[in-house]
Amino acid sequence: MINQKRDEIVRATVLCFSGLDPSGGAGLQADIEAIGQSGAHAAIACTAITVQNSQEVFGFEATSHDLLLAQANAVVKDLPIRCVKSGMLGTTENIQALSHFLRQHPNYQYVLDPVLVANSGGALGDQATLVAAFQQLIPLATLITPNTVELRALTGSNDLTQATKKLFQMGANAVLVKGGHEPTQDYIKNTLYIQGNIISETQCPRLEGEYHGSGCSLASFIAGRLAQGDSIENAVHLAETWLFNVLSSAESPVVGGQKMPKRF
Ligand code: PLP
């Protein structure tokens, strides 16, 4: 007998504003894979097409403001979006487009990964203008996930405690400070703050090598769990455990290249 499949309602959805990385390590592919692993569905509004591999960024072309909003508005109509996640936005116009979109949908949770450069060091937009434009997104975010380089750039403060304090003064709700760029040799420490208070500090052993798309994967997994109703604290802890396993089995495409997280 043929089983007639009934229409099914799509899983809780995260709408990602992110760029295409042709290596598949970072950007929208990282988002789709991480959100899928979190149990949610990923929809994408593509912000840019980058040209890069695991070692170098050669350039990018950003999507226009109108095309970006058209993509987002098209999927709003028929997907159960519970959370928005942004990664590479590339231009001030795209940041403004996202800010406009979020103001129209104040019920969406929002994870802001304030991407400025690729892990290989290549620029993914003009730093100074991105930093200035990010200011309008900070008060709209449920959670911001800066590494310490991004935290210092966003706030202009070198001291991490002062920098985090400044981010809350700029309107942040919750901040996950990722310690991977700090000179701790054997371990990495992440600190989660909600409304200015330290909620948790997690430490994991530092894995050898450099990883392409680790930040995108972490932020997207968190967004996927938030979309399914987890608290910020639970979503962050589940994502940290998941990411550590994923990075532990990462593969290097070439000698000296950054490792690609094996997300499934
Ligand atoms: N988004 C895009 C399109 C990228 O190409 C990159 C890095 O190459 C990132 C985001 C940030 O990646 P990571 O998670 O390594 O910080």
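Note that ligands are numbered from 1 as they come in the structure, with each ligand's atoms numbered from 1 the same way.
The distance from the CG atom of Leu218 to the CG atom of Asn190 is 7.0 Å, given to the nearest 0.5 Å. To the nearest 0.5 Å, atoms OG (Ser54) and NZ (Lys259) are separated by 12.0 Å.
Every atom of ligand 1 with a heavy atom of Gln52 under 4.0 Å away is listed here by number and element: 4 (C), 5 (O), 8 (O). The distance from ligand 1 to the heavy atoms of Ser214 drops below 4.0 Å at these ligand atoms: 14 (O), 15 (O). Contact atoms of ligand 1 toward Ala118: 7 (C), 8 (O) (distance under 4.0 Å to a heavy atom of the residue). Listed by number with element, the atoms of ligand 1 under 4.0 angstrom from any heavy atom of Leu124 are 4 (C), 6 (C), 7 (C), 9 (C). Of all the atoms in ligand 1, the ones that sit under 4.0 Å from a non-hydrogen atom of Gly27 are 1 (N), 2 (C), 3 (C). Every atom of ligand 1 is numbered from 1 in the order shown, and the set under 4.0 Å from a heavy atom of His212 is 8 (O). Against a heavy-atom cut-off of under 4.0 Å, Asp21 is close to the following atoms of ligand 1: 5 (O). If you number the atoms of ligand 1 from 1 as listed, the ones under 4.0 Å from a heavy atom of Gly19 come out as 3 (C).
In this structure, the side chains of Arg82 and Val14 stay at 4.5 Å or more apart for every pair of heavy atoms.
No path of Ile, Leu, Val, Met, Phe, Trp and Tyr side chains, each step under 4.5 Å between heavy atoms, connects Val57 with Val117, placing them in separate hydrophobic clusters.
Side chains of Thr129 and Asp126: a donor on one and an acceptor on the other come within 3.5 Å.
Every pair passing side-chain hydrogen bond (donor to acceptor under 3.5 Å, both in side chains) that includes a residue from residues 160-177 is listed here, sequence neighbours excluded: Asn173-Gln195.
For ligand 1, the polar-atom distance check finds an N/O of Gly215 within less than 3.5 Å of one of the ligand's N/O atoms. In terms of polar-atom proximity, defined here as any N/O pair under 3.5 Å, Leu20 makes no such contact with ligand 1.
Met88 CB, 3.5 Å is the protein heavy atom nearest to atom 1 (N) of ligand 1.
More than 12 heavy atoms of other residues, nucleotides or ligands sit less than 6.0 Å from atom CD of Gln203.
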(message) With side chain to side chain donor-acceptor pair (under 3.5 Å) as the criterion, how do His237 and Thr202 come out once you've worked through the C-alpha distance, each side chain's angles and the decisive distance to 0.1 Å?
(response) CA-CA 8 Å; His237 291 157; Thr202 34; 5.0 Å; no
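Nearest-heavy-atom check against atom 10 (C) of ligand 1 across Gly25, Gly87, Cys216 picks out Cys216.
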